[in-house]
Every structure is written in C-alpha cells, then in structure tokens.
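Note: hydrogens, waters and symmetry copies are ignored here, and every other heavy atom, side chains too, is used. Predicted, not measured: the structure shown is a model, and the values here were computed from it. Below, chains carry the letters A, B, ... as their sequence lines are ordered, and counting in each starts from 1.
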Number of protein chains: 2
Amino acid sequence: MTARTSRGRRPGAPDTRAEVLAAARTSFAEKGFRGTTIRAVAASAGVDPALVHHYFGTKDDLFVAALQIPVDPRAVLAPVVAAGPDGAGERLLRTLLSVWDDPELRPGLVALVRSLMSDDGAGLVRDGFIPVVVGPVLAGLVPDRPEVRIPLVASQVIGIILGRYVVALPPLAQMPAEDLVARVGPTLQRYLTGDLP
Amino acid sequence: MTARTSRGRRPGAPDTRAEVLAAARTSFAEKGFRGTTIRAVAASAGVDPALVHHYFGTKDDLFVAALQIPVDPRAVLAPVVAAGPDGAGERLLRTLLSVWDDPELRPGLVALVRSLMSDDGAGLVRDGFIPVVVGPVLAGLVPDRPEVRIPLVASQVIGIILGRYVVALPPLAQMPAEDLVARVGPTLQRYLTGDLP
DNA sequence: GACGTTTTTCATCATGTGTTGAATTGTGCT
DNA sequence: AGCACAATTCAACACATGATGAAAAACGTC
C-alpha cells in the first residue's frame with residue numbers, strides 16, 4: 001500500500017515472500033489464472049514485479065505455489081466411507097464443508113476451482129479428478145449403478161461449492177454448515193443409496 | 001483453414017460474417033472471454049483480424065454479439081410457475097434441459113456461464129441474475145422461506161448445468177433428459193415445497 | 001463499361017505482459 | 001572491519017494483443 005522508493009534490502013525482517021504468496025493466492029482465487037498478472041500481484045504486495053520472479057520462478061510456478069492444497073481428498077473421504085452407508089450423505093457434506101470453511105485452505109481451493117473452469121481444466125475434472133480420485137472412494141458406498149449415482153452426487157456437491165464459495169450466493173454463503181447439512185444431506189443420501197429410476 | 005493471400009473482396013458470396021461469429025461463439029464457449037483472442041477467432045475463420053473489427057466493433061461488442069441469448073428466462077419459466085407447485089420440480093428441470101439441449105442456444109449459454117465464472121461476473125450472478133430475474137419468478141412456487149429454498153434450488157441447478165454442459169461429465173452429459181428429470185426432479189421438488197429443517 | 005459500395009487485407013501503433021540481468025542496500029559471519 | 005550472501009529495485013527486451021486507417025479487389029447498378 002505505502003509507496004516504497006529506496007532500492008535494496010529493506011530494514012527489519014519482513015516476510016515479504018509470504019506477503020507475495022498471499023497476494024497471489026487471493027488474486028488467483030478472485031480473477032483466475034489469466035486474470036491474474038504478476039504486476040498486479042507485485043503491486044498488491046507492495047513489491048517490484050521482479051521480486052515475484054526472484055522468489056517463485058515463472059507464472060506457472062507461482063500458480064502451483066499458490067495452490068498448495070494440503071488436502072488429500074482420498075484421506076479426507078476415507079472416514080466417511082469407512083462408517084458405512086447409513087447417514088453417509090450428511091457425513092459427506094459435513095466433511096466437505098469443514099474443509100472448505102477452513103480459512104487457510106479456502107483461497108487455494110477457490111483458485112483451483114476457478115482455474116479448472118476457465119482454462120481447459122474441465123477436461124482434468126472430467127477425465128482425472130472425478131473418475132480417478134473421488135469416484136473409486138465413493139464407489140465403496142453405493143449399492144449399485146455407481147456410474148449413475150456418483151455424477152448425481154457430484155452435481156449437487158459442485159452446485160453447493162460454487163454457490164457457497166465461488167459465487168458466494170448470499171443465503172448459501174452465510175448459512176451455518178449444520179443447516180446446510182440438514183437440508184442437503186438427504187439429497188446426497190438419496191443419490192448415494194436411495195431408490196433411483 | 002486454407003491459406004488466403006489475395007487482397008480485397010473474395011469471389012462468390014461467402015457469408016464470412018457468419019463464419020466469424022460462429023468461430024467467436026465456440027472460442028468464447030471453450031476458453032472464456034480472456035482466453036479468446038481476436039486473432040485466434042480470425043485465424044479460425046480464415047480471415048484477417050481487421051475484418052473482425054470491421055464487422056463487430058470492439059472485443060466486448062463481439063462478445064455480446066456472440067452471446068445473443070434469445071431466451072428470456074422469465075418467459076421460459078412462466079408456464080412452469082403457472083402450472084402450480086405440484087410436479088414443479090420435474091417441470092422446472094425439463095424446461096431447463098430443453099433450453100440447454102437446443103444446439104442453437106448451447107454455445108452462447110456455455111460461453112455466458114464460463115465468462116460469469118472467470119471474470120467477476122460472479123457478482124452479477126449473485127446480485128443480479130438470481131435475486132432479480134429468477135428469484136421473483138420462482139417465488140410464486142414456494143410456500144415459505146424463499147430465501148432458503150431458492151438458493152438450494154439454484155445450487156442443484158447450477159451443479160447440473162456445470163456437470164452436464166460445461167464440464168461435460170460423461171454419464172451426466174449423455175444421460176437422456178427424461179432420466180435426469182426423473183432422478184433429480186424429486187430433489188428440486190423437495191427444495192421447493194418439501195419439509196426443510 | 002463506369003462508378004460507388006461492400007468486403008477484405010496490409011501495415012502499423014500503443015499498450016500490457018512475462019521475463020531477465022545488472023545494480024543497490026541491508027544482514028550475518030568471522 | 002570486512003566480506004559473502006540475500007533481498008530488493010531499475011531498466012529494458014521480446015512478444016502478444018486490441019485497435020485503426022488506408023489500400024486493393026470483387027460486386028451491384030445505371
């Protein structure tokens with residue numbers, strides 16, 4: 001924010017690197033990959049663009065550094081699956097919301113989702129994430145026809161995440177997690193184990 | 001595709017304008033607004049970039065020309081609402097899918113959604129589209145607490161649209177519309193008129 | 001066939017971007 | 001005090017992009 005003029009190292013021991021990373025995170029989360037410029041990140045961190053390159057190399061490198069998703073979806077979902085099909089819908093949603101509501105993780109996750117939308121990461125979600133990562137895990141929960149049930153679950157989950165975190169639809173974004181769980185849990189439960197035509 | 005060298009007007013009566021527009025549509029749909037360059041559109045239409053500017057003015061103008069959503073959501077939704085709450089979930093979804101499955105309308109709609117995602121059209125969806133356009137219409141269907149019910153409906157609808165049309169999740173994209181209606185309709189019905197905690 | 005009009009390309013500009021290398025200033029070690 | 005090293009900025013390059021104005025080729029009309 002404040003104008004810096006002098007050249008060379010700053011006095012004190014400011015963790016400039018962390019500030020740059022934070023600025024990059026929020027910018028990627030808000031404007032996506034192409035919408036984020038290194039110059040804007042640098043400006044928002046009160047720093048010269050060259051410093052961004054000095055710490056993190058290219059823009060791609062900065063992006064992966066900004067994501068840093070310290071969450072293995074399989075590890076997170078494992079307990080949900082292990083507890084069996086009863087009440088799995090609510091447990092699944094509760095787990096998911098607890099991860100996304102963590103303020104440490106949220107910007108990275110939002111940035112990831114945004115970039116998956118705009119650049120052709122759609123293919124990645126379609127061919128990689130759903131069938132390879134989350135599909136097999138949830139497959140342990142459903143009694144039959146996983147190829148029908150899993151996408152239905154995915155559609156409702158995607159909708160919640162987009163509405164609550166990316167678009168921040170007011171009532172959805174402010175709704176207490178437990179209310180959401182109570183309201184949407186049954187939907188997921190039906191998709192997972194209910195009677196489907 | 002073929003290399004054109006000669007200057008001036010082409011022989012015959014090719015509708016180059018339409019070709020440019022089509023190229024713009026698919027590019028906007030696939031790569032979003034920022035991901036689309038005028039030069040790429042021109043190349044894909046086998047045309048000089050200046051021609052794109054000649055027909056449609058600035059890039060923004062080209063974008064709105066490419067959208068051309070000849071669909072007024074309120075007009076489309078009106079009959080759904082008029083028929084009353086019984087079976088509204090299925091009717092709503094059926095209507096929606098019939099619009100999106102129309103190959104004329106699809107690229108424009110996908111492009112619109114993509115751009116709403118990446119640029120900060122999120123605000124537009126949040127503050128404009130949902131509360132102003134679709135909210136009041138659907139409000140005629142719900143018995144109480146619209147501020148809870150409408151966003152839930154929105155979340156499931158958004159998820160379906162993203163899964164089926166934007167990401168093109170395989171089983172969701174290929175599923176016959178009526179199967180989807182039968183499977184997801186009850187969810188919407190519950191969000192609209194069911195017992196919610 | 002002459003002529004105005006439309007369609008098309010060429011050449012060019014200004015701007016914003018990612019990236020690089022050198023220069024400057026502070027910090028910590030000996 | 002001296003010196004290697006890290007942190008930081010400056011200046012600049014190469015490139016892609018959106019945009020503009022003028023010129024060339026085909027068409028339609030009289």
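Every side-chain hydrogen bond (donor to acceptor under 3.5 Å, both in side chains) that B/Arg94 has, sequence neighbours left out, goes to B/Glu178. Here A/Phe63 pairs with A/Phe28, A/Phe33 under the ring pair (Phe, Tyr, Trp, His ring centres under 6.0 Å) rule; sequence neighbours left out. Under the rule for a side chain to side chain contact (heavy atoms under 4.5 Å, CB included), the partners of B/Pro176 that lie at least two apart in sequence or sit in another chain are B/Asp179.
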Quick one: side chains of residues 189-197 of chain A, donor-acceptor pairs under 3.5 Å with protein atoms, not counting sequence neighbours, listed by atom name and distance.
residue  : atom : partner  : partner atom : Å
A/Gln189 : OE1  : A/Ala88  : N            : 3.0
A/Gln189 : OE1  : A/Gly89  : N            : 2.8
A/Gln189 : NE2  : A/Pro85  : O            : 3.1
A/Gln189 : NE2  : A/Thr193 : OG1          : 3.1
A/Arg190 : NH1  : B/Arg183 : O            : 3.1
A/Arg190 : NH1  : B/Thr187 : OG1          : 3.4
A/Arg190 : NH2  : B/Arg183 : O            : 2.9
A/Tyr191 : OH   : B/Gln156 : OE1          : 3.0
A/Tyr191 : OH   : B/Thr187 : OG1          : 2.8
A/Thr193 : OG1  : A/Gln189 : O            : 3.2

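Side-chain atoms of B/Arg25 come within 3.5 Å of backbone atoms of B/Ala66 as a donor-acceptor pair (strictly under, hydrogens ignored).
Taking atom CG of residue B/Asp15 and atom P of nucleotide C/dT7, one finds them 10 Å apart after rounding to whole Å. In this structure, B/His54 atom NE2 and D/dG21 atom P are separated by 14 Å, rounded to whole Å. When the C1' atom of D/dA11 is taken as reference, atom CG of A/Leu51 falls 16 Å away, rounded to whole Å. In this entry the distance linking CG of B/Asp61 with C1' of D/dG18 reads 12 Å, nearest Å.
The phosphate of D/dT8 has OP1 or OP2 within less than 4.0 Å of a side-chain N or O from A/Tyr55. In terms of phosphate contacts, B/Thr16 brings no side-chain nitrogen or oxygen within less than 4.0 Å of OP1 or OP2 of C/dT7.
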Please enumerate all protein N or O atoms sitting under 3.5 Å from an N or O of nucleotides 11-18 of chain C, with distances to 0.1 Å.
residue : atom : partner : partner atom : Å
C/dG18  : OP1  : A/Lys59 : NZ           : 3.2
C/dG18  : OP2  : A/Ile38 : N            : 2.9
C/dG18  : N7   : A/Arg39 : NH1          : 2.6
C/dG18  : O6   : A/Arg39 : NH2          : 3.3

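Applying the side chain to side chain donor-acceptor pair (under 3.5 Å) test to residues at least two apart or on different chains, the pairs with a partner in residues 158-170 of chain A are A/Asp101-A/Arg164, A/Asp101-A/Tyr165.
With the nearest nucleotide of DNA chain D identified for both A/Pro49 and B/Gly57, A/Pro49 has the one nearer the 5' end.
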